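Mind having a look at this structure? Questions to follow.
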Amino acid sequence: MSELPPRFNFAEVEAKWEKYWEDNQIFHATPNPDKKPYSIVIPPPNVTGILHMGHALNNTLQDIMIRYKRMKGFETCWMAGTDHAGIATQNVVEKQLAKEGKTRQMLGRGKFVERVWDWKDQYGKTIINQLRKIGSSCDWPRTRFTMDPEYNGAVQHVFVELYKKGLIYRGKRIINWCPRCQTALSDEEAEHKETQGNLYHIKYPFRDSPNQFVTVATTRPETILGDSGVAVNPTDERYKNLIGKTLILPLVNREIKIFSDEIVDPTFGTGAVKVTPAHDPNDFEMATRHGLEFINIMNPDGILNEAAGKFTGMDRFKARAAVIEELKNSELLEKIEPHTHAVGQCYRCNTVVEPYLSKQWFVRMKPLAEPALKAVVDGTIKFHPDRWTKVYVNWMENIRDWCISRQIWWGHRIPAWYCSNCYPQARNNVYINRKGGELKENELYIENKFETRNSSINLQDAEPQISITQPICNKCGSDEMIQDEDVLDTWFSSWLWPFATFGWPKDNPDLKFFYPTNSLFTASEIIFFWVARMIMAGYEFTKDEKGNGQAPFKDVYIHGTVRDAKGRKMSKSLGNALDPLEIINEYGADALRFSLIMNSGQDLFISKEKFEGGRNFANKIWNASRLVLLNTKPENKNVAQPPPTDDLASQWIVSKFYITLADVSAAIEKYSFSEAENLVYDFFWKNYCDWYLEISKNKFTDDKIQQTACFILKESLRLIHPFMPFVTEELWQNITASTKSLSLESWPIANNKLINTNAVKQMDTLISLISAIRNVRSQFNLTPQETMECHFSAHDPYGKNLLEKNAETLKSLVKLKDFQIHENLPIIKDAVAGVVESIKFIVPLGGLVDLAKEKEKMQQEIDSAKKSIAGISQRLGNEAFTSKAPAEVIEKEQATLLQRKTRIDELQEILKNLN
RNA sequence: GGACCCGUAGCUCAGUUGGUUAGAGCGCUUCCUUGACAUGGAAGAGGUCACAAGUUCGAGUCUUGUCGGGUCCACCA
């Protein structure tokens, strides 16, 4: 045991315990038949990640829960790990390569992937180390990565199983294509943002009467080059007799027909829609129904191809301008209207996504969604706060198939194989430049710096074979099988996280003990990407002994977004991001945690100053502990129970502690973390420091006071520990001289016998009384040399007694020479006689009040109480009400009635006294 | 177009099933430093609970509408 330094050096303390916890691996959990499991899986941060405020909040919440449960005696496992984050990570490494003047194509696939692994090995630990800095008590030895070999096995297994069940298929669809990342994206990965654009009205002339037109409206005029029809609603009178007529497509001079389709909204634009089957999902559907031609006018990089005629080689946005210019010149542009609409953007690079026709792998979601939807509807899985349930249900009910193939290199390779004997193009499928010429592997077309390898284009007519290991062709027996070039969506591995991290699909003790997990903590943006899919995966892949699918967790806690003081999302590009590590350096990790949780009711508006609150509280705990430690004899430090005592304040603080304990536990159990923290804060600062320690300071020589103060301090440290693990651990070790970490100590055990309601009532009254006296003292600037006269009315059962009993302590608390106590009216006319003359005040509990006003208020209260009584009596006399209402409602009404009556008597008594 | 959330003190937010005097933190005003803590202590000012109507003896709380702010979903060509 060392003496506490006068100043809380959080940097030193945090470093010390971070190391101690790590060296002793005290958060490592193993299956333990004597304990109940409690497990949480971390939302695995991106390996490219560095800690931001969102992580800090997310992990603090999990840490509070897991530390609480650990202290409650559960075998707690908080699974740690990182996500390979396919596109994001590939982009980061590509950027790094670009600085060296290289592209991934220059390296070739094998070398590039090696390079990403190197990068991962070098930087992937950063975020893990940063999580330790904020005190996360993860099961670090278990730390997993979504591309670990075993994890890869689980992913491959899942793909094959779903394929066998017919839940994975390959199909040619319009998908979201990012021309910059040059990969397909899922619907969720295309973020729709309101964008100010234009609606271009373009005239399409009739073949047989070139001076007459049908006008169509479009936001993407460049797609005109791929048009193969014009659609109208069958009921639209304007166009009814034009159906079947032939138009000449401007700029291209292709003959296209007008046809009708229900999908067309006659109220939008002109009611006539240009149909571009290869570049719009609706048009694709219509074209399929009506047998239209699919004309792809664009290369995967967003540059127009040969089908674009004279616009070939132009970027899509340049082409848009050129097309408009050309249409203007030929007087086919009727008008341009400003138009705001939601435009999809790549969630990794914000490039506008292109609806693009290509062959991709999809997961059929409806069958998977069914049990996952049911689980949330019937309450097996609960969202906190509850309102997210609706968001989830709405998405699940309208779920669409999931595009899972990505045309990138970093990720889980798709276990699909093509026979290069049957499909010779498989051998040479690697690079195709935009001019259509083939390049051999590692050959480059440097001049224009883009070369596209795309098996989804090159092998779109080939039949794959699905197998984890390289198969033999089931048609020709050849062993020259070439694996699909594509990798899987990163979320196709994340959705297995709750069980793949425990070794699934191998049956093993860890999985059996820790799965299903208990709670999941994440942000609302992730509900569709991850939460929903984990629930589906859980039900599909993990079954209990009876063969029923299992929910991967029971509770989902959705926390708010961390924003700056102005309410903007924190982001690097805005430059408004507060770095948690800077906050830790300046205020300490405990302060960071505490202040984040304090503000975590909904979205958080964070500025640097907010962390002062946390720092101040840590400081307060430190100093209160110093006071107690400096004044407590060693033998009084480790009592197991607070000593029986007549001391009112001691009885009170012990009672308050156990009341707080129950409230805090309940708040954590219902995921009300800021409420729990507030309770702890109020108890420790207001009750323990401001009142108990202040009152007890002068009698600290008393053994029982020492024992009580020290006991409550220690129990408080347990209570605060999940919120502020570092400062509490340090103080705990100093007080107890223990060798056991506070993290492994038990949560305070409820002891309702020690809750003395009478003491609580008396002390609370005394506190109000003192506040009232201080109020008077302050109003009249009484000096410590003066004496105050206090008068009490006869119906106050506590005041006089309490004041007499505690006079000595109180004199010092309110800094007055003395009190003269009289049992009299609650009028201060004479109460501060000698100091203030003839002022009519009363000092009811709560402070100085104007007598006349007070009387008026009391009269008003009496009046309203009388009305209330009349109303309730009337209702209780009404049979229609009493026969229908449940017994407890009637009881409640009667209780209220009684309460009102008593209150009226009370008020009338006081008024009588005052007059 | 559909769904959801929010509007309470200068600011950020609590406010449980409707019920005596609507709370906290920060900020503000006044006072207080011979040792646990000025990262502190004491006292105080500050609210027509967005607006309107309704249900009720009684509404910050329930219902409807209006205005204002935000979020999510959607095949607005």
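None of these values were measured; they are calculated from a predicted model. To find a chain, count down the sequence lines: A is the first, B the second, and so on, and within it residues start at 1.
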Self-check item: Complement of B/rG7, any strand, by Watson-Crick or G-U distances under 3.5 angstrom
Solution: B/rC67
Self-check item: Nucleotide of B/rU71, B/rA42, B/rC4 approaching A/R774 most closely (side-chain heavy atoms)
Solution: B/rA42
Quiz item: If pairing requires Watson-Crick or G-U wobble contacts with both distances under 3.5 Å, which nucleotide is the partner of B/rA24?
Solution: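 Pair assignment: B/rA24 / B/rU12.
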Self-check item: Selected nucleotide, minimal atom distance to A/R903 side chain, candidates B/rU20, B/rG19, B/rC75
Solution: B/rU20
Between the protein and nucleotides 36-39 of chain B, which nitrogen or oxygen pairs are less than 3.5 angstrom apart?
residue	atom	partner	partner atom	Å
B/rA36	O2'	A/N623	OD1	2.6
B/rA36	O2'	A/R626	NH1	3.4
B/rA36	N6	A/E694	OE2	2.8
B/rA36	N3	A/N623	O	3.0
B/rA36	N3	A/A624	N	3.2
B/rC37	O4'	A/N623	OD1	3.1
B/rC37	O4'	A/N623	ND2	3.2
B/rC37	O2'	A/N619	OD1	3.0
B/rC37	O2'	A/N623	ND2	3.4
B/rC37	O2	A/K620	NZ	2.7
B/rC37	N3	A/K620	NZ	3.2
B/rU39	O4'	A/R615	NH2	3.2
B/rU39	O4'	A/N616	OD1	3.0
B/rU39	O2'	A/N619	OD1	2.9
B/rU39	O4	A/R7	NH2	2.8

Quiz item: Okay, side chain of A/N631, backbone of A/L627: is any donor-acceptor separation there less than 3.5 Å?
Solution: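 Flag set: sc A/N631 to bb A/L627 pair under 3.5 Å.
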Quiz prompt | Side chain of A/A342 - closest among B/rA74, B/rA77, B/rG19 | solution = B/rA74
Quiz item: Cut-off 3.5 Å, side chains only: do A/D386 and A/T389 have a donor facing an acceptor?
Solution: yes
Practice problem: Classify the ring geometry between A/W685 and A/F617 as parallel (under 30°), tilted (30 to 60°) or perpendicular (over 60°). | Solution: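 Parallel, since the angle between the ring planes stays under 30°.
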Quiz item: Closest to the A/R875 side chain: B/rU12, B/rC72, B/rG58?
Solution: B/rG58
Quiz item: With both distances kept under 3.5 Å, what pairs with B/rC57, Watson-Crick or G-U wobble?
Solution: B/rG19
Quiz item: Which of parallel (below 30°), tilted (30 to 60°) and perpendicular (above 60°) describes A/Y692 and A/Y688?
Solution: parallel
Quiz prompt | Rounded interatomic separation in angstrom, taking CG from A/D265 and P from B/rG1 | solution = 12 Å
Practice problem: Under a 3.5 Å limit for both distances, which nucleotide forms a Watson-Crick or G-U wobble pair with B/rA36, could you say? | Solution: none
Quiz item: Taking the side chain from A/S595 and the backbone from A/G614, do they hold a donor-acceptor pair closer than 3.5 Å?
Solution: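 Here the side-chain-to-backbone pair exists.
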Exercise. Taking only the side-chain heavy atoms of A/T896 (C-beta and beyond), determine which of B/rC75, B/rG19, B/rC76 contains the nearest atom.
Key: B/rG19
Quiz item: Given B/rC57, B/rC75, B/rC5, which nucleotide is nearest the side-chain atoms of A/I263?
Solution: B/rC75
Practice problem: Could you tell me whether a side-chain N or O of A/N198 sits under 3.5 Å from a main-chain N or O of A/Y200, the two making a donor and an acceptor? | Solution: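 Not a single qualifying donor-acceptor pair exists.
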Self-check item: Earlier contact from the 5' end, RNA chain B, for A/Q899 and A/K610
Solution: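 So the residue in question is A/K610.
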